[in-house]
2 protein chains.
Amino acid sequence: MNVTLHEKQALHMECGGCPIRHRAVCARCDSAEMETLEQLKFYRSFQAGQTVIWSGDRMDFVASVVSGIATLTQTMEDGRRQMVGLLLPSDFVGRPGRSIASYDVTATTDLVMCCFRRKPFEDMLVKTPHVAQRLLEMTLDELDAAREWMLLLGRKTAREKIASLLAIVARRDASLHMRDTQGKVSVELPLTREEMADYLGLTLETVSRQISALKRDGIIRLHGKRLIEIPDYRRLLDEAGDDSDGGMPA
Amino acid sequence: MNVTLHEKQALHMECGGCPIRHRAVCARCDSAEMETLEQLKFYRSFQAGQTVIWSGDRMDFVASVVSGIATLTQTMEDGRRQMVGLLLPSDFVGRPGRSIASYDVTATTDLVMCCFRRKPFEDMLVKTPHVAQRLLEMTLDELDAAREWMLLLGRKTAREKIASLLAIVARRDASLHMRDTQGKVSVELPLTREEMADYLGLTLETVSRQISALKRDGIIRLHGKRLIEIPDYRRLLDEAGDDSDGGMPA
DNA sequence: CGTTGCCATTGATCTGCGTCAAGGAAGATC
DNA sequence: GATCTTCCTTGACGCAGATCAATGGCAACG
C-alpha cells in the first residue's frame, strides 16, 4: 500500500499547485484529451460536516477530491456505523456504470471536489483507454487497501488498530513534510475520536483510552487534540502489528 | 452485490460447459481477440488444501478459477489469520502490474485454474481496451464486496456474521439450483468451521456455537456438517442485520 | 465574562467472545 | 473392526472492549 500512496502523491504533485484528480488520471493523456476533460469538469464545495450524498441517492457525477477530506460510511438500521473509505486529495469518488450511491459521502473538513457528469465521463473512458487503465490501477490499489483494512478490523486489538491508523496517516504525509532527520514525524489527524472509532470498528471511549495509553508509554506525544508527534516511527509500527516496514522511506 | 454475483454467474454461463474466466472477460470480444487469448492460456490443477501461492512469492501469471474454491488470506507474524477473499468459479486471481503476490492463495477444494502469463496478458489488456474495462467493472464489484465485508467485520455480532455469510452463499447459488417454491433454500458450505472463522474474524468455537444457536432457534437446519437448509430466507436476512433484501429474486 | 455546545477523558461495571479443555462423530487406513 | 485423523461440539472461565455515567477543556457567542 506504501507504493500505492506514493504513486498517488507523485501523480498528485505532477499537476503542481492544482491537485485535480483528472490530471492524475490523465497523467499519460495527450493534450487533446486533456482539453476534453477540461471542458467537462466543474467544481463543488462543501463545508465541514456537510453530507455530499446519501447512500441510495441518485448520483449523476463522478468526482475527485481537490482539497479537504471526505469519508465513505455505511450505516445499519440501528445506527451502527462503519467507515469504509477515507478520501484524501486526488482520491476518486463514484463509480462508472452506477447511478445510485452505495455509501454516505461526508465532508469531514471543508471540501472541494472536481466533478464530471457521469455519462460524458463514461463515454470518455471508452474513447481514451489508458484513462480506463489508470482508473483500473487506482481501483486495484483501493482494493488492496480495503483488504489490509479487513485484517485490521477482523484481527487486530484496539491498541494495534490505533497504531495502524496513525502509522498509515503518518506514512501518507511523512514523505511530504514535517519530517526531521531521525525517525521523528508529526501527524495532523483531521478526525474526531468518534470518526476514528467508526473507521476502526471501536467505540470513541476505547479510541480515547488507547491514545492515552500510547501517550503514557511514550509511543506518541500529543500537542492539542489533533496534532500527534511520533518520536520513533519504528516503535509505532511494532505496536501496529504489521510485519512490513510500512514503506517508510529510509 | 447481488447484481454483481448475478452478472458474474450470467457471464459464467455464457461460455457453456467451459466456465473459463477469459471468456467471461471477453464476452464482447470479437473472435480474433478470442483467438489471441486462447493461445495464451494454460491450465493448472490443485488438490484441496494445497497452497497455490504464498504471499511475497513471485507470481508470473494471472488466472481465473474454472472449478473449485480458493481463498485469499493474510497472516500476521503471530499466526492470526484473516481471509480477505473467497474465489469462486469465474473469479479472477492476480493483479496486472504486480509480480509479487500480496496474499496467500489456497485451494479449499480441488481446484482448476485457467492461467495466463502476466506479461502477455498485460499487453493484451492494452490492445483490447474493453477487456480492461470489463476487468475494471469486476474490480469495482470486488471493492464493493470488500467494503460490505468491512461493515461485517467492524460492527456485526457473531450471530449476524454467521447469518450474513449463509445469506451471501445462499444468494449466490439460490438462483441456480436447490430452490423450491417457498423461500426455502439449501446451501452446501464448502468451508470448515475454522475457515469460516478466518473469514468472519471469529474463532472456530464461536462459529460452531452460533451455528448451533441458529439451528436451535429454527433459522437453519443442518444435514450433516456442511449442508445447511434455510426454511425461511427472510428470517435469515433479519438475523444478518442487513437493511436490504439481499437481492434475493422474488 | 458567563453560557452553550462540542469534543475528549476517565472511571465503574457489564458482557460477548476468546481461550482452554474435554469429548464426540465420521471417514480413512490398516 | 480397531485405530488415526480430522473436524466439530460443548462447557467453564477470563478478559478486552462495550456501555453507562460523570467531568473537564475549549472555542464560539451573546
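In what follows, chains are A, B, ... by sequence order, proteins preceding strands, each numbered from 1. Note: hydrogens, waters and symmetry copies are ignored here, and every other heavy atom, side chains too, is used. Predicted, not measured: the structure shown is a model, and the values here were computed from it.
Between atom CG of residue B:Leu202 and atom CD1 of residue B:Ile162 there is a gap of 6.0 Å, rounded to the nearest 0.5 Å.
Applying the side chain to side chain contact (heavy atoms under 4.5 Å, CB included) criterion to A:Gln82, with sequence neighbours excluded, gives A:Val84, A:Leu153, B:Leu151, B:Arg155. Qualifying side chain to side chain contact (heavy atoms under 4.5 Å, CB included) partners for A:Thr73, counting only residues two or more places apart in sequence or in other chains: A:Thr71, A:Arg81, A:Met83, A:Asp104. Residues satisfying the side chain to side chain contact (heavy atoms under 4.5 Å, CB included) criterion with B:Asp238, sequence neighbours excluded, are absent altogether.
Remark: side-chain polar atoms of A:Ser212 are paired, donor with acceptor, to backbone N or O of A:Ser208 under 3.5 angstrom. A side-chain donor-acceptor contact under 3.5 Å links B:Thr108 to the backbone of B:Ile69.
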Can you give each donor-acceptor pair under 3.5 Å made by side-chain atoms of residues 214-228 of chain B, sequence neighbours left out, with the distance rounded to 0.1 Å?
from: B:Asp217; atom 1: OD2; to: B:Arg159; atom 2: NH2; distance (Å): 2.2
from: B:Arg221; atom 1: NE; to: B:Glu229; atom 2: OE2; distance (Å): 3.4
from: B:Arg221; atom 1: NH2; to: B:Glu229; atom 2: OE2; distance (Å): 3.2
from: B:His223; atom 1: NE2; to: B:Glu229; atom 2: OE1; distance (Å): 2.7

Pair up each side-chain donor or acceptor in residues 52-60 of chain A with any protein partner under 3.5 Å, not counting sequence neighbours, and list the distances.
from: A:Ser55; atom 1: OG; to: A:Ser102; atom 2: O; distance (Å): 3.2
from: A:Arg58; atom 1: NE; to: A:Asp60; atom 2: OD1; distance (Å): 3.1

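Within the structure, ring-ring contact (aromatic ring centres under 6.0 Å, His included) contacts touching residues 194-214 of chain A (residues at least two apart or in different chains) are A:Trp149-A:Tyr199. Judged as a salt bridge (charged side-chain N to carboxylate O under 4.0 Å, His left out), the pairs with a partner in residues 160-170 of chain B (not counting sequence neighbours) are, in order, A:Arg80-B:Glu160.
When heavy atoms are screened at a 4.0 angstrom cut-off, B:Arg226 is found touching the sugar-phosphate backbone but no base atom. As judged by a 4.0 angstrom heavy-atom cut-off over every strand, A:Gly201 is placed among residues touching the sugar-phosphate backbone only. Within the 4.0 angstrom heavy-atom criterion, no nucleotide atom of any strand lies near A:Gly224.
Residues A:Val65 and A:Leu88 come closest through the heavy atom pair CB-O, 3.5 Å. In plain terms, the two heavy atoms of B:Ala146 and A:Leu143 that are nearest each other are CB-CD1, 4.1 Å. Across all their heavy atoms, A:Thr109 and A:Pro190 have their closest contact at CG2-CB, 4.2 Å. Of all heavy-atom pairs between B:Arg234 and B:Asp232, the closest is N-OD1, 3.0 Å.
Residue A:Glu194 qualifies as open at atom CD: its count of foreign heavy atoms under 6.0 Å is 12 or below.
Contact between the side-chain N/O atoms of B:Thr192 and the OP1/OP2 oxygens of D:dC7 is not found at any separation under 4.0 Å.
Only A:Leu204, A:Glu205, A:Ser208, A:Arg209, A:Ser212, listed by number, bring a heavy atom of residues 204-213 of chain A to less than 4.0 angstrom from any atom of DNA chain C.
With the end axes of the helix from C:dC1-D:dG30 to C:dC30-D:dG1 each set by five pairs, the angle from one to the other reads 30° at 10° resolution.
When the C1' atom of D:dA16 is taken as reference, atom NZ of A:Lys156 falls 17 Å away, rounded to whole Å. When rounded to the nearest whole Å, the span between CZ of A:Arg155 and C1' of D:dG17 equals 16 Å.
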Enumerate all atom pairs, one protein N or O and one N or O from nucleotides 4-6 of chain D, separated by less than 3.5 Å.
none

Please write out the pairs of protein N or O atoms and N or O atoms of nucleotides 23-28 of chain D separated by less than 3.5 Å, giving the distance to one decimal.
none

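In summary, contact between chain A and DNA chain C, defined as any nucleotide atom under 4.0 Å from a heavy atom of the protein, begins and ends at C:dA8 to C:dA12 in the 5' to 3' direction.
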